[in-house]
A.B. asks: 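I'd like to ask you about the structure that follows.
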Amino acid sequence: MNNRQLFQQYVAQTSPAPIALDIVRASGNYLYTADGRQYLDLIGGISVCNIGHCHPAVVAAIQQQAATYLHVMVYGELVQSPQIQYAQALAAHLPAHLNCVYFTNSGAEATEGAIKLARRATGRADIIACNNSYHGNTLGALSVMGDEYWRNAFRPLMPGVWHCNYNSEELITSINEHTACVIIETIQAEAGIIEPNPDWLRRLRNRCTEAGALLIFDEIQCGFGRTGKLWGFEHYGIEPDIALLGKALGGGMPLGAFVASHELMQLFTHGPVLGHITTFGGHPVSCAAGLAGMQALLAENLIAQVAEKEALFHTLLTHPAIKAVRSKGLLLAIELDSSEAVIRALGKCLEQGLFSDWFLFAPQCIRIAPPLTITHAEIEYACGVLMGCL
Ligand code: PLP
């Protein structure tokens, strides 16, 4: 059997037709395959590889930590310097009250932990989430996901979850004395890049405070400079009670986190003790990699270049087949007529060395979320190929 057949035989599949490129190497903005081809990566591992693949500083940090210690003990018991250093760096770049980090293995686990913290802190059960939202695939995160197609086969789900439209008045008026938390993506990604109305976000914040409900912003996809600021919520001047981080957080290694105030996070230490535990969360190698990645992101001034790269995409993405281009920084959705048109275009792009994808709740849109290191020349090349494929 060749590698592709072995992959199909032995590795669990999640769709009938995986892309199945046989990757031998990834570096900077490119993926390299066993048949000697290279692909310009337009999705960065789905908003993970913001500083490009295998950044040398991240690789060095991994190598150094791997030679020092790997797993030593379950989360939260031993002092591990990669965790402390990264938590401190994150707190230094977050609003003052977001000063305590709980590291997880993934974004979904960050969602799970934050939901538990909100219930523990408020003593309330209800959770308000948005239609077309994505917060992960574990059962709790799936329960707050806003799409019936992906939820329905796995019922019964977590009770007490109410879904409203993003940006809707209904969401704000639904918050009451039973609401533990409202969880939203700061900028909806899988819905095909939908921004919050700033006034709605402000009123949502005020209503949560008034009702004693916690506000959770999922920054897992829009964080780490993707939208042109370090955090998506910085665009609107509104701060959450809990921020969810993931994807680019680990610099390419598996890592998630939920960040809250020290006072809130202390609730996990009693009633019950060990209120939220994990074996591998905050793995020292992941934390070392993540810190090196964040330092590189900031040192290389990548975030400041996002707006002009976004503008260049907009200038070059002109074709009668394009119905709309929505974006926030280097998180773009190119809307076509149908999901079939998207699949056709993506197939042709792949043949020509461009790697892209669609969105879960917007299959009529092409996803563009390249490493922030993508160059102007690469954007010009990518848009040229893309226009040809349309
Ligand atoms: N939240 C958002 C906005 C996401 O985009 C994702 C993943 O795509 C998650 C949560 C879940 O993260 P993970 O796949 O690491 O569990």
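For ligands, and for the atoms within them, numbers begin at 1 and follow the listed sequence. By convention here, the first residue in the shown sequence is residue 1.
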A.B. asks: Polar contacts were defined as any N/O atom of the residue lying under 3.5 Å from an N/O atom of the ligand; does this apply to His135 and ligand 1?
C.D. replies: no
A.B. asks: With the threshold set at 4.0 Å, does a side-chain nitrogen-carboxylate oxygen contact exist between Arg207 and Glu210?
C.D. replies: yes
A.B. asks: So for Glu190, does at least one of its heavy atoms come nearer than 4.0 angstrom to any atom of ligand 1?
C.D. replies: no
A.B. asks: Within a distance under 4.0 Å of any heavy atom of Lys247, pick out the atoms of ligand 1 and give their elements.
C.D. replies: 4 (C), 5 (O), 6 (C), 7 (C), 8 (O)
A.B. asks: Is atom 15 (O) of ligand 1 less than 4.0 angstrom from at least one protein heavy atom?
C.D. replies: yes
A.B. asks: Do ligand 1 and Ala108 have nitrogen or oxygen atoms that lie under 3.5 Å from each other?
C.D. replies: yes
A.B. asks: Taking salt bridge (Lys or Arg N to Asp or Glu O under 4.0 Å) as the test, write out the residues that go with Arg326, two or more places apart.
C.D. replies: Glu335
A.B. asks: Which atoms of ligand 1 sit under 4.0 Å from any heavy atom of Gly136?
C.D. replies: 9 (C), 10 (C), 11 (C)
A.B. asks: Between His71 and Phe280, is the ring centroid distance below 6.0 Å?
C.D. replies: yes
A.B. asks: In chain order, what residues pass the side chain to side chain donor-acceptor pair (under 3.5 Å) check against Thr209, with sequence neighbours excluded?
C.D. replies: Arg205
A.B. asks: Side chains of Leu117 and His276: does their closest heavy-atom pair fall under 4.5 Å?
C.D. replies: no
A.B. asks: Give a yes/no verdict on whether any heavy atom in Asp218 is under 4.0 Å from an atom of ligand 1.
C.D. replies: yes
A.B. asks: Under a plain distance cut-off of 3.5 Å, with no hydrogens placed, do Gln188 and Asn132 share a side-chain donor-acceptor pair?
C.D. replies: no
A.B. asks: What is the closest protein heavy atom to atom 4 (C) of ligand 1, and at what distance does it sit?
C.D. replies: Tyr134 CD2, 3.6 Å
A.B. asks: Does the N or O separation between Glu109 and ligand 1 drop below 3.5 Å for any pair?
C.D. replies: no
A.B. asks: Could you verify whether a donor N or O on one side chain and an acceptor N or O on the other, from Asn165 and Asn131, lie under 3.5 Å apart?
C.D. replies: yes
A.B. asks: Starting from atom 5 (O) of ligand 1, which protein heavy atom do you reach first, and at what distance in Å?
C.D. replies: Gln221 NE2, 2.6 Å
A.B. asks: Are Ile220 and Leu360 connected, step by step, through hydrophobic side chains (Ile, Leu, Val, Met, Phe, Trp, Tyr) whose heavy atoms are closer than 4.5 Å?
C.D. replies: no
A.B. asks: Between Ser47, Gly246, Gly223, Gly107, flag the one that comes closest to atom 12 (O) of ligand 1 by a heavy atom.
C.D. replies: Gly107
